[in-house]
Student: 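Take this structure first; my questions come after.
Because only heavy atoms are used, hydrogens play no part in the values below, and waters and symmetry mates are left out as well, while side chains stay in.
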Amino acid sequence: MRSSVTLSIQWAVLLSFFVVLFCLLQPATSVKEHDFKKCDQSGFCKRNRAFADNAAAHTSTWSSPYHIIPESANFKNGQWQAIITKTIDNGERARFPVTISLLKSGVTRVSIDEEKRQRKDINLRHGSKARKERYNEAENWVIVGGMELDIKAQVVFQDKSKANIKYGGDEKLEAVIRFSPFEIEFKRDGESHITFNDRGLFNMEHWRPKVEKEQAEGEKGQVEENTKADNGEDESTWWDESFGGNTDSKPRGPESVGLDISFVGYEQVFGIPEHTGPISLRQTRGGDGNHNEPYRLYNTDVFEYVLDSPMTLYGAIPLMQAHRKDSSVGVFWLNAAETWIDIVKEKDGKNSPSLGKDTHSTRTHWFSEAGILDIFVFMGPTPRDITKKYGELTGYTAMPQQFSVGYHQCRWNYISDDDVKDVDRRMDKYKIPYDVIWLDIEYTDEKKYFTWDPHSFADPVSMGEQLDAHGRKLVVIIDPHIKKVDDYPVSSEMLSQDLAVHNKDDEIYEGWCWPGSSNWVDCFNPKANEWWKTLFKYDFFKGTRENTFLWNDMNEPSVFNGPETTMPKDNLHHGNWEHRDVHNLNGLTFHNASWEAMVSRKKGERRRPFILTRSFYAGSQRLGAMWTGDNQASWDHLAASIPMVLNQGISGFPFAGADVGGFFGNPDKDLMARWYQAGVFYPFMRAHAHIDSRRREPYMLGEPYTEILTKALRLRYSLLPSWYTAFFHANRDGSPVVRPMLWTHPSEETGFAIDDQLFLGTTGLLAKPIVEKDKFSTDIWIPDDEVYYDYASYKLMKTQKGKKVTVDAPIDSVPLIMRGGHIFPRRDIPRRSSAAMRFDDYTLVVTISKDGFAEGDLYADDGDTFEHEMGQYIHRKFHLTDNTLKSIDAEGRNVKSIKAGSWLKAMREVYVDRIIVVGAPATLNQKEVSIESEGRTWTVKVDYHAAEKDRAAFAVLGRVGARINEDWGIKLA
């Protein structure tokens, strides 16, 4: 017995080795079309597309089969409810309760369930223990607020054919519900903006029993499966479905839900990350420059993904926005199952009174494999309104740890604790700032998480202590797959307490990932989450310290031997929900369990976690950061990273970045230089590399490239106060940290599709990184008629609204210009880490507008704890008007009345050191100016530089000497 067990273990280890080796040795073209489903290989996608094709082929006779029973309609306290029916083949009617909730925010929620499944009045096949209902618990994970009903909403008209509901406070919003066939039209100011089911593609696959058919004896094709229903429908994927050697048992039969959503008068739509390609989404029904496949949302481990593709990636946010000049609307499709979205754009048949001739509308078709139909409608009218109200529902970006906004140094893998210490020393030797060093999977003892390799990482404590002495942090990877091995307490505890995902037979599921044979923690289970917390305690995860933080990878989940490299859909989670119901939520639940574990590592230690996740869903922004996964060290992947990061920002998850330098391959030195310059403008900036890639820490490149990378990093670090302020705004109102032109200038329609340049928060800093080889200048599109200055030289740019201006960009610089009318904070003393800058004085940069005006703000807190939630923060508003520059509390607080904690007390000795005024008026051509603060007046030296050639006049005021958290004023004339 002992020898047979040993032999089986040896075979398991050997198989694990070959699985991992296969993954590591995949060539650069390893993403094959056949590795992941196309629509015609996904049964429900194929059926819903066929449904749409049939409707399009019979436009003159087609009518949706779904109708509202007029007598069932009722309205109370902001909710309108009714029953939708569909006549099915045997003459019976399938019933679908619909609830339309008018929310106080002006958002509308439309939810439709299936009565028969709701009542559990169905039979499951294969003796399955799966739930009988349609999955209706996504909101428990996603929705955190904004659900107050608009009790002032009112039905202004209703008869047996339709109902009109006015809502939204000022009653500028209206929902028109048509009964036969079922359709909803959403209006603002009397004009239609969004319609549901106007093309008649609403489709909820009702439950039906499987009827076993017998073939006549001797009938030709006897060996072929009889897949046609009595009405001619193709049943081949109703009851089971195979792909890549795996078969999905489908105990509930077909249950997809689909709906057509039209954005009336809108030619461009955006959002639905995560995909590669432009932020302005392409059409998906073929044609020149269009995709042939729908956009797919199904979180999957896509090895070396391809570019400009609608194929699935690691995360899913089913939020789509439509924008036109001065008008924005959006929809949020709350469904965690596999989802596909078709997009077509059509010229409108009739002209809009407000838009005039030749308008276009975008027609979208959404379909998910399971779950209820649950959609939130946002009526804008601005992009800011959409991100704010979406954030009210799903939560705003977590206020990050200060260090996490700095530079992160990572690779797969640093080989030992001595290696980590050496990298740390060398970064200091070359005066390269960084905040975090990362450990990938090789730090563990044989891929067992919460352990250390006893040979390579024999002394993790001293490693953490050295980093801490330099103000730096350590991030370690923890994945959701737990190695199945007898001598591993984490595995034995999880299995003995039944905290893992089950297979379709309700036994613990076993698959393959980095450790070989593995089980997956089920973070839908509250008991699993409580157990997960115990693993992060310092006395359990020995070697970790207060400066250890977390990376969650492979949480789609990635399963090497699973269908499409993920978990079988008929697996069972807590509550007996099938994996198909919750797949896109899986990454969020693991991220959430890790967040709760990190925040409770030690009794009384309430510190903000930092956790990076690869897989995500709507709501993941509350928990940490994401990155775009396994990119390549190529120029086209560098270029693709910017629209991907921008799209995350407008979709509610702005703490986003891409692997700087590219994960796969060996970038040349010019590519490294340009990628660091671009990475400076990712909200999350981490360099990362594959285990087979050459070492490429910045000091390895040699001069002049080490200095070029260092210069880029110092730009990032000097602007950390502005970055942190941008995160504050994201935390307060959902604003993107880096902003595309469509968000900052919603009146300039020609800029909506521009996705290779960005504004940083409210600073007015406009960057366009170089993303092409051997290119040393670029053209920046100017969205307005404001004045712009070069960041480094103060050159007055010759700009014109709607035109491009050429900016020189030698290999050691990034194109960066400053919009007039802004004030932004910097810290200008070079330091080794953000911790070393914590109590440095500030520089304020004032860029004067054409009208002599400027404004901006600064937010600061301790960057570590939750004390900012109790008023322990600084938020200053800076304002220049009538030649007077002032600083006041941005929220009108009496700062003297706030009892200062240790951080606020220390900030008492932090000052404004310098003020740089770009575009300085001639009145500043004097030796000194007076400043008033804290009841006294003193003078500040002025170093004035008159305009010359193309450079604007500028003045440097310093030392200013005003406390950062006190009111002050300076008369500049």
Side-chain angles (χ1 to χ4, degrees), residues 29 31-33 35-39 45 263 266-300 302-323 330 333 339-345 362-366 614 616 626-632 634-654 656-659 662-664 678 682 736 738-743 751-758 768-769 771-772:
T29 56
V31 172
K32 303 290 194 304
E33 296 295 330
D35 290 341
F36 299 91
K37 287 183 180 180
K38 295 292 188 68
C39 182
C45 184
F263 297 96
Y266 294 85
E267 193 170 356
Q268 295 189 76
V269 290
F270 305 81
I272 58 169
E274 181 182 28
H275 300 97
T276 60
I279 60 172
S280 182
L281 300 173
R282 299 191 191 281
Q283 298 185 68
T284 62
R285 283 291 198 153
D288 204 20
N290 298 328
H291 297 308
N292 293 307
E293 289 285 311
Y295 285 93
R296 190 183 186 202
L297 296 176
Y298 187 64
N299 298 350
T300 310
V302 184
F303 194 79
E304 290 186 321
Y305 52 80
V306 295
L307 300 181
D308 198 9
S309 170
M311 75 178 293
T312 184
L313 281 178
Y314 312 95
I317 301 177
L319 171 68
M320 181 180 284
Q321 304 171 52
H323 302 288
W333 178 274
T339 298
W340 301 75
I341 305 153
D342 263 322
I343 300 172
V344 295
K345 300 176 183 182
T362 299
R363 316 288 184 185
T364 67
H365 185 198
W366 302 62
R614 187 170 74 175
F616 56 87
M626 61 76 62
W627 93 106
T628 61
D630 296 343
N631 59 357
Q632 298 183 38
S634 65
W635 290 94
D636 53 356
H637 273 256
L638 166 58
S641 69
I642 296 174
M644 290 180 77
V645 167
L646 288 173
N647 202 20
Q648 288 289 137
I650 64 171
S651 300
F653 198 167
D659 283 344
F663 180 61
F664 291 104
Y682 298 158
V738 290
R739 303 173 177 184
M741 304 303 101
L742 74 89
W743 203 91
F752 286 2
I754 294 176
D755 55 14
D756 57 1
Q757 62 184 55
L758 54 89
K768 185 179 180 182
V771 296
E772 298 175 54

Student: Between atom CD of Gln283 and atom CD1 of Ile343, what is the distance when rounded to the nearest 0.5 Å?
Tutor: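 CD1 of Ile343 is found 8.5 Å from CD of Gln283.
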
Student: Applying side chain to side chain contact (heavy atoms under 4.5 Å, CB included) to Lys37 and Arg296, what does each step give before you reach the verdict?
Tutor: CA-CA 10 Å; Lys37 287 183 180 180; Arg296 190 183 186 202; 4.0 Å; yes

Student: I need the full list of side chain to side chain donor-acceptor pair (under 3.5 Å) pairs touching residues 635-647, with sequence neighbours left out, sorted by first then second residue.
Tutor: Ser634-Asp636, Ser641-Tyr682

Student: Could you pull out all donor-acceptor pairs under 3.5 Å where a side-chain atom in residues 267-274 meets a protein atom, sequence neighbours excluded?
Tutor:
{"from": "Gln268", "atom 1": "OE1", "to": "Ser280", "atom 2": "OG", "distance (Å)": "2.8"}
{"from": "Glu274", "atom 1": "OE1", "to": "Tyr314", "atom 2": "N", "distance (Å)": "3.2"}
{"from": "Glu274", "atom 1": "OE1", "to": "Gly315", "atom 2": "N", "distance (Å)": "3.2"}

Student: Step by step, work out the side chain to side chain contact (heavy atoms under 4.5 Å, CB included) result for Tyr295 and Trp340.
Tutor: CA-CA 6 Å; Tyr295 285 93; Trp340 301 75; over 6 Å; no

Student: With rounding to the nearest 0.5 Å, note down the distance linking CH2 in Trp333 to CD1 in Ile341.
Tutor: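 It comes to 8.5 Å.
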
Student: To the nearest 0.5 Å, how far apart are NE2 in His291 and OG in Ser309?
Tutor: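 Taking NE2 in His291 and OG in Ser309, the distance rounds to 6.5 Å.
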
Student: Per the side-chain contact (heavy atoms from CB on, under 4.5 Å) rule, which among Val302, Leu297, Asp630 passes with Leu313?
Tutor: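 That would be Val302; it is the only one of Val302, Leu297, Asp630 passing the side-chain contact (heavy atoms from CB on, under 4.5 Å) with Leu313.
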
Student: A side-chain contact here means heavy atoms from C-beta on lying under 4.5 Å apart; do Ile754 and Leu742 qualify?
Tutor: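 Ile754 vs Leu742: side chains apart.
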
Student: State yes or no: are the ring centers of Phe303 and Phe664 separated by less than 6.0 Å?
Tutor: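 Yes, ring centres under 6.0 Å apart.
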
Student: Could you check if a side-chain atom of Pro740 sits within less than 4.5 angstrom of a side-chain atom of Asp755, using non-hydrogen atoms only?
Tutor: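 Contact flag for Pro740/Asp755 side chains = no.
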
Student: Say you draw a straight line from CE of Met311 to NZ of Lys38; how long is it, rounded to the nearest 0.5 Å?
Tutor: 8.5 Å

Student: I'd like to know if the side chain of Gln321 reaches the main chain of Ile650, judged simply by a donor and an acceptor atom lying under 3.5 Å from each other, with no hydrogens or angles considered.
Tutor: yes

Student: Do Cys45 and Pro294 touch side chain to side chain, with heavy atoms closer than 4.5 Å?
Tutor: yes

Student: Is a side-chain donor or acceptor of Thr300 paired with a backbone partner of Tyr298 at a separation under 3.5 angstrom?
Tutor: yes

Student: Find the distance between CE (Met626) and CD1 (Ile317) and round it off to the nearest 0.5 Å.
Tutor: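 Reported to 0.5 Å precision, the distance equals 7.5 Å.
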
Student: How close do Glu293 and Cys39 get, counting heavy atoms only, and between which atoms?
Tutor: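 That would be OE1-N, 2.7 Å.
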
Student: Identify, with sequence neighbours excluded, every residue that meets side chain to side chain donor-acceptor pair (under 3.5 Å) alongside Thr364.
Tutor: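 Applying side chain to side chain donor-acceptor pair (under 3.5 Å) to Thr364 gives Trp366.
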
Student: Would you check, one step at a time, whether the test side chain to side chain contact (heavy atoms under 4.5 Å, CB included) holds for Lys345 with Tyr266?
Tutor: CA-CA 9 Å; Lys345 300 176 183 182; Tyr266 294 85; over 6 Å; no

Student: Quick check: does any side chain N or O of Asn299 sit under 3.5 Å from a backbone N or O of Ala316, one acting as donor and the other as acceptor?
Tutor: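 Side chain of Asn299 to backbone of Ala316, a donor-acceptor pair under 3.5 Å: yes, one is there.
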
Student: Stepwise, does the side chain to side chain contact (heavy atoms under 4.5 Å, CB included) test hold for Asp342 with Arg285?
Tutor: CA-CA 7 Å; Asp342 263 322; Arg285 283 291 198 153; 3.5 Å; yes

Student: By side chain to side chain contact (heavy atoms under 4.5 Å, CB included), which residues pair with Val771, not counting sequence neighbours?
Tutor: Leu638, Ala639, Ile642

Student: Go through the structure and list residues passing side chain to side chain donor-acceptor pair (under 3.5 Å) with Asn290, not counting sequence neighbours.
Tutor: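 Per chain and number, Asn290 pairs via side chain to side chain donor-acceptor pair (under 3.5 Å) with no residue.
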
Student: Taking side chain to side chain donor-acceptor pair (under 3.5 Å) as the test, write out the residues that go with Asn631, two or more places apart.
Tutor: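 Expected list: none.
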
Student: Just checking, is any N or O donor in the side chain of Asp308 or Thr276 under 3.5 Å from an acceptor N or O on the other one?
Tutor: no

Student: With a 4.5 Å heavy-atom cut-off, do Met741 and Phe752 have their side chains touching?
Tutor: no

Student: Could you measure the distance from the CG atom of Asn292 to the OG1 atom of Thr284? Nearest 0.5 Å is fine.
Tutor: 9.0 Å

